[in-house]
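Here is the naming used below: chain letters follow the sequence lines, and residue numbers restart at 1 for every chain.
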Number of protein chains: 4
Amino acid sequence: MDNHGNFTEIAEQLIATGRFIDSKAWVPATSGNFSARLQDGSIAITVSGAHKGRLKIEDIMVVDSFGCSFDNRRPSAETLLHTALYRRYFDVQAILHPHPLNATLISKLFEGRIVLEGYELLKAFSGIETHESQLVIPVFANNQNIAELASVIDEYLDTHDECRAYLIAGHGIYVWAESVPVCLRHLEALDFLFECELRLLHGVAKR
Amino acid sequence: MDNHGNFTEIAEQLIATGRFIDSKAWVPATSGNFSARLQDGSIAITVSGAHKGRLKIEDIMVVDSFGCSFDNRRPSAETLLHTALYRRYFDVQAILHPHPLNATLISKLFEGRIVLEGYELLKAFSGIETHESQLVIPVFANNQNIAELASVIDEYLDTHDECRAYLIAGHGIYVWAESVPVCLRHLEALDFLFECELRLLHGVAKR
Amino acid sequence: MDNHGNFTEIAEQLIATGRFIDSKAWVPATSGNFSARLQDGSIAITVSGAHKGRLKIEDIMVVDSFGCSFDNRRPSAETLLHTALYRRYFDVQAILHPHPLNATLISKLFEGRIVLEGYELLKAFSGIETHESQLVIPVFANNQNIAELASVIDEYLDTHDECRAYLIAGHGIYVWAESVPVCLRHLEALDFLFECELRLLHGVAKR
Amino acid sequence: MDNHGNFTEIAEQLIATGRFIDSKAWVPATSGNFSARLQDGSIAITVSGAHKGRLKIEDIMVVDSFGCSFDNRRPSAETLLHTALYRRYFDVQAILHPHPLNATLISKLFEGRIVLEGYELLKAFSGIETHESQLVIPVFANNQNIAELASVIDEYLDTHDECRAYLIAGHGIYVWAESVPVCLRHLEALDFLFECELRLLHGVAKR
């Protein structure tokens with residue numbers, strides 16, 4: 001597959017990332033999918049149905065920027081959500097879509113969006129320099145019609161330049177960044193901040 | 001024991017499954033039991049009293065489809081709940097019965113049944129294609145008289161074809177499927193969904 | 001030390017038990033102590049100040065049944081709570097005293113005692129055959145004067161034959177049994193049951 | 001770097017401590033920083049941006065007691081909070097600053113300070129002999145201007161001799177002690193006590 005340039009290197013990054021993400025229980029059953037942009041502009045993405053904590057190199061396929069497969073395998077329907085992000089943001093190199101418990105709960109409890117502010121850990125995001133920043137994560141309704149879902153997301157992103165990640169209700173999170181490790185750092189920070197918000201929902205009564 | 005066909009292979013699957021399940025703390029103390037159907041129609045099942053995270057091949061015995069032992073060992077009383085499921089569903093090949101905390105709590109907090117809906121992870125179940133599905137898990141009262149308990153369960157299953165798993169109050173969960181790995185995937189998905197439901201019980205007040 | 005009979009074997013059991021207990025985070029900092037009766041009637045017990053998840057054989061000392069050291073080392077003050085149990089119950093061979101979070105919380109939230117009932121996992125206790133049993137765990141006020149504390153405990157145990165474990169408020173749990181592995185099984189079951197009770201405190205409102 | 005005396009030994013202690021702290025998920029993303037005093041009075045401290053669970057020896061730099069680097073690398077801004085503590089307390093040899101979830105939540109839920117009392121585990125702190133002690137942990141407002149933050153902290157410490165640790169709201173905890181292992185023991189005890197306090201916030205209603 002190395003006619004795409006750095007497939008092997010990127011695939012190994014995705015495999016290692018999957019092991020870490022699974023160690024956090026963020027991809028229960030065979031949920032989630034991960035991708036990264038290759039040197040020739042095509043996209044390496046996990047195949048549907050594989051366990052994301054035990055990925056093998058053959059569990060990662062290559063599609064073009066519209067989600068068409070370069071080999072015989074049919075990509076998962078959600079591949080289109082990945083390619084839409086790569087087409088929109090030229091500097092995005094990696095996208096992680098796990099199903100963490102905290103993200104799922106946030107997506108059920110917060111309607112429309114969650115605003116994260118006042119946390120030092122916001123500085124884990126590239127370009128955020130102070131805890132006084134606001135990070136807004138939109139929550140979209142789930143939809144098995146991926147084209148419709150993609151269109152709702154596109155409309156939002158058209159008018160929200162600063163968006164770093166989105167939630168799909170009862171489903172999971174999409175987060176993107178300029179490299180696989182940075183994307184994972186953002187995911188790790190978001191999970192921490194989501195857990196804070198969830199636990200603070202119950203603790204505001206007493207001091 | 002390989003006069004039953006694939007005993008060794010199936011036993012190794014149950015042992016590995018036990019290690020995974022124990023790593024999630026779903027079989028505290030020596031609780032739970034696991035089984036799988038063998039090629040000759042007999043049932044491999046864990047013996048009573050063994051720690052399910054540290055199973056050895058001699059901790060797995062073989063019974064016929066009515067729970068009669070093929071060797072000297074007396075099977076656990078709950079073996080009858082396993083064999084009843086194998087007799088009812090010809091395509092069921094594996095049954096897992098752990099005691100996870102989340103299942104135990106759900107079984108104490110929800111009377112009669114819990115309905116899971118609106119989760120993408122419902123698609124982890126074979127045959128479920130959309131988060132708009134409903135998965136109904138019945139909750140039965142616990143009973144040390146296994147024959148009585150089996151009869152209550154049978155009566156329910158006679159009229160609920162789509163049932164995938166059941167809870168016994170204050171006790172644990174039974175889940176069955178067409179293979180050991182698929183059964184484990186269903187269990188992993190159910191634990192995630194149960195934890196969501198438990199945490200949502202406390203978080204509905206504020207958004 | 002093997003003039004006491006089976007010191008080496010028992011010490012290795014305590015070391016392995018400590019590793020398991022630490023993996024559950026039940027002995028934060030250097031808290032807790034563990035003991036077992038040796039063949040000659042003396043008691044092997046962990047020294048004060050050692051980390052219970054990284055015990056070495058020299059972290060286990062031997063005392064007589066009144067807590068007097070057989071070597072130069074001064075035993076921890078709480079050794080007297082262990083020896084009192086060994087003198088009272090001739091069939092007790094092992095005592096575990098960790099500081100699990102759940103036990104600490106239960107000891108703060110329940111005054112005087114907690115009653116566990118309706119759980120299948122009660123059957124993890126030797127001699128309990130049905131979930132319809134009641135297991136009563138008393139909670140004693142903490143006291144740095146161990147002689148006073150021992151006297152309060154003795155008074156309770158004089159009139160409660162069936163007692164299997166006790167809590168000290170804000171402190172931890174003592175559990176005893178006929179062997180180290182059985183004692184650990186009881187501890188594992190109690191932690192599970194305590195966590196159930198804690199989470200049910202918050203979940204009774206909605207079904 | 002061993003012209004500072006014991007750099008290699010201390011750096012290895014910080015690396016091992018980072019692995020333990022990361023195993024507890026107390027340094028999400030690349031948050032936190034750790035330091036220790038060297039034999040010549042200079043300070044070994046983790047560089048900014050490194051993952052604290054996977055530190056290498058080159059991720060630890062040396063500064064003087066006013067935070068000036070001995071090599072080309074620019075220390076993190078928060079280095080000044082470390083050096084202020086080393087200048088104030090001559091017997092402090094180690095400082096740990098992770099971002100644990102529990103500390104972050106406590107810092108959001110308790111205004112000004114949290115008082116810990118009635119816990120046996122308070123005895124994990126050097127010099128505390130009874131659960132009847134009070135341990136007061138102040139909570140300071142977060143501030144990206146480290147000089148201002150340091151000045152607020154200094155003012156507090158001038159009048160509170162017995163202070164063992166402080167929280168910065170939405171940020172994390174600073175804890176200091178006479179050695180790296182003792183500092184880690186204090187951190188482990190504080191995390192346990194913070195989790196107790198958080199869970200007791202929700203459990204006081206029923207017994």
Side-chain angles (χ1 to χ4, degrees), chain B residues 22-33 48-54 76-78 81 97-115 139-146 149 167-174 194-195 197-205, chain C residues 16-17 19-21 23-26 96 100-103 105 115-135 164-165 175 177-207:
Chain B
D22 183 47
S23 78
K24 301 287 188 183
W26 293 341
V27 279
T30 58
S31 64
N33 40 64
S48 185
H51 191 292
K52 301 311 173 298
R54 298 189 287 270
S76 116
E78 289 179 75
L81 300 181
H97 165 47
H99 290 215
L101 189 80
N102 290 325
T104 305
L105 291 171
I106 289 285
S107 77
K108 288 256 186 189
L109 287 168
F110 288 75
E111 261 175 287
R113 62 181 209 156
I114 177 171
V115 181
V139 183
F140 302 113
N142 198 7
N143 191 338
Q144 296 302 321
N145 184 326
I146 297 295
L149 181 52
L167 293 161
I168 306 176
H171 182 152
I173 187 168
Y174 277 81
F194 286 163
E195 187 161 356
E197 290 293 310
L198 286 168
R199 290 181 56 181
L200 289 174
L201 280 186
H202 309 302
V204 286
Chain C
T17 297
R19 270 197 297 266
F20 178 86
I21 285 176
S23 78
K24 302 286 187 182
W26 293 342
L96 298 173
L101 188 80
N102 290 325
L105 291 170
V115 181
L116 301 166
E117 54 187 328
Y119 292 102
E120 183 74 9
L121 203 63
L122 288 169
K123 291 165 65 183
F125 284 85
S126 316
I128 293 187
E129 305 287 343
T130 167
H131 66 283
E132 290 173 319
S133 312
Q134 276 202 338
L135 187 62
R164 307 299 198 104
V175 57
E178 64 267 33
S179 73
V180 175
V182 172
C183 198
L184 184 56
R185 192 180 78 212
H186 291 185
L187 176 62
E188 207 179 342
L190 280 174
D191 189 69
F192 180 91
L193 298 172
F194 286 163
E195 187 159 356
C196 284
E197 290 292 311
L198 286 168
R199 289 181 55 181
L200 290 174
L201 280 186
H202 310 303
V204 286
K206 192 187 151 189
R207 274 144 210 265

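Heavy atoms of other residues, nucleotides or ligands lying less than 6.0 angstrom from CZ of C:Arg164 number more than 12.
Scored by the side chain to side chain contact (heavy atoms under 4.5 Å, CB included) test, B:Asp22 finds B:Val27, B:His51 as partners (sequence neighbours excluded). Applying the salt bridge (charged side-chain N to carboxylate O under 4.0 Å, His left out) criterion to B:Glu195, with sequence neighbours excluded, gives B:Arg199. Partners of B:Gln144 by side chain to side chain contact (heavy atoms under 4.5 Å, CB included), not counting sequence neighbours, listed by chain and number: B:Asn142, C:Glu120, C:Lys123, C:Thr130, C:His131.
Of the atoms belonging to B:Ile114, not a single heavy atom falls under 4.5 Å from chain C. Contacts of C:Glu129 with chain B are made by backbone atoms alone, with heavy-atom separations under 4.5 Å and no side-chain atom involved. In this structure, the portion of B:Asn102 lying under 4.5 Å from any heavy atom of chain C is its side chain and not its backbone.
The two residues B:Leu105 and C:Cys196 make their nearest non-hydrogen contact at CD2-O, 3.6 Å. Taking all atoms of both residues into account, the shortest heavy-atom contact from B:Thr104 to C:Phe192 is OG1-CZ, 3.4 Å.
Residues of residues 179-188 of chain C that come within less than 4.5 angstrom of chain B, heavy atom to heavy atom, are C:Arg185, C:Glu188 in numerical order.
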